[in-house]
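Computed over heavy atoms, backbone and side chain alike; hydrogens, waters and symmetry mates excluded. A quick note: this is a predicted structure, and the numbers were derived from the prediction, not measured.
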Amino acid sequence: MATTDRQATTLALAHALSAAERGLAVIPLSRTKLPALRSPHRSSDHTPNQPSNRSSHHDDPEPAAPPCRGECGRPGHGVYDATADPARIRELFTAAPWATGYGIACGLPPHRLIGIDLDVKSGTDSTSALRELALRHLFTIPPTVVVLTPSGGRHIWLTGPPDAVIPNSASRLAPGIDIRGAGGYLVGPGSRTDHGVYATAPGTEHLVPAPCPPSLLRLLLPPPRAPHPATHPSVGNRGQGLVQFVLAAHEGQRNTRLFWAACRAYENGIGRALRAPLIDAAVHTGLTEHEARATIASAARMTGHRP
């Protein structure tokens, strides 16, 4: 490994430990801004300098089982590895000596960080877009931590209340404004990437993340879901029982229940007919549509059917 890479890794670890002292949970990142550790559930070969993790949301196109979010105890689960424990952080960086940056997990206590990512790519003026939103909805961004990105963009750090789960989104609020919430992460200041170094904006180094203004928080919250129908007219009694089984899932068992129900559906010859109702039920419990589709596709392969 080149000396410059060793220095970048040492600096990234130091910055990560400093962030952890402030109560922020972190993970090591590669120069591509992706989690530095590959998933332990993927069998494809890789080289250390070319990590195979592609996102923090388990985008493996061929999951062999319900997505693991670190329950197995091994590292390599993206943002689900995030920790503020110094000893654990050192272990993660030791396992990823090619890491040159670190990610800060959003949505976790005590700060429940929300990242407002103002992008400048694609010719968007995200700063003006945020200013227009502030005028229209009568809020002001308080003094808070701001991180400057190598491309000229900015990450504004805010905090959310304990009862709010802010989802990740891209340009939903306005063109060029991405939101990093629960299940997402922000590249920490001091990280070195292929495009340069992330740095705290002058004058914000010693600030703490400020509470998100209530008017802005309302814009970030997902729209309320309509009540889920008690039955799906497109499936019979057998299928309806499986749908209800998924609807009854609590956090921590949603993927497992969905995978089991999808397997039973395919084994009973109603997998294709039950696909849409199962996805609806899973989304209703809090999974994303992408996660639901991936889990059902895995169940189809597991039972010898075509996804």
Side-chain angles (χ1 to χ4, degrees), residues 35 38-44 52-72 74 76-80 107 164-173 178-179 181-184 220-307:
R38 73 185 290 266
S39 169
H41 307 293
R42 296 187 62 182
S43 58
S44 58
S52 58
N53 275 64
R54 291 178 301 175
S55 82
S56 61
H57 297 285
H58 303 285
D59 286 342
D60 191 333
E62 294 186 0
C68 174
R69 296 185 174 183
E71 295 89 349
C72 68
R74 292 176 288 173
H77 299 84
V79 74
Y80 301 108
V165 178
I166 305 301
N168 297 284
S169 64
S171 295
R172 183 180 70 83
L173 200 62
D178 296 342
I179 304 301
L220 302 181
L221 289 169
R225 292 193 182 99
H228 201 280
T231 60
H232 275 274
S234 60
V235 299
N237 290 334
R238 286 187 304 167
Q240 188 55 42
L242 295 174
V243 171
Q244 292 297 327
F245 179 74
V246 173
L247 285 171
H250 300 292
E251 186 173 2
Q253 58 180 209
R254 296 173 298 197
N255 265 310
T256 302
R257 281 188 172 237
L258 176 61
F259 182 76
W260 186 91
C263 285
R264 303 295 82 75
Y266 278 106
E267 289 169 353
N268 291 329
I270 56 174
R272 287 187 178 275
L274 210 61
R275 181 181 171 88
L278 286 177
I279 290 173
D280 288 345
V283 169
H284 184 74
T285 66
L287 292 181
T288 66
E289 183 176 341
H290 176 83
E291 289 174 317
R293 288 184 181 277
T295 298
I296 292 174
S298 178
R301 286 188 290 270
M302 184 70 71
T303 55
H305 294 81
R306 194 170 184 173

Are [X] and [Y] packed together at the side-chain level, in the sense that at least one heavy-atom pair is separated by less than 4.5 angstrom?
{"X": "Arg264", "Y": "Phe245", "result": "no"}
{"X": "Gln244", "Y": "Leu247", "result": "yes"}
{"X": "Asn168", "Y": "Ile179", "result": "no"}
{"X": "Asp178", "Y": "Ser169", "result": "no"}

Contacts of Ala282 meeting side chain to side chain contact (heavy atoms under 4.5 Å, CB included) (sequence neighbours excluded), chain-then-number -> Val246, Leu258, Leu287, Ala292
Residues two or more places apart in sequence or in another chain: which of them pass side chain to side chain contact (heavy atoms under 4.5 Å, CB included) with Thr303?
Cys263, Tyr266, Glu267, His305
Please find the pair of heavy atoms, one from Val79 and one from Gly184, that lie closest to each other, and give the distance.
CG2-O, 3.6 Å
If you compare all heavy atoms of Arg257 against all heavy atoms of Ala248, which two are closest, and at what distance to 0.1 Å?
NH1-CB, 3.9 Å
[X] [atom1] to [Y] [atom2] distance, which is reported to the nearest 0.5 Å:
{"X": "Ile296", "Y": "Ile279", "atom1": "CD1", "atom2": "CD1", "value": "4.5 Å"}
{"X": "Arg272", "Y": "Leu274", "atom1": "CZ", "atom2": "CG", "value": "13.0 Å"}
{"X": "Asn255", "Y": "Thr295", "atom1": "CG", "atom2": "OG1", "value": "4.0 Å"}

Sorted by chain and residue number, the side chain to side chain donor-acceptor pair (under 3.5 Å) partners of Thr288 (sequence neighbours excluded) come out as Glu291
Among all residues two or more places apart in sequence or in another chain, which pass the side chain to side chain donor-acceptor pair (under 3.5 Å) test with Arg74?
none
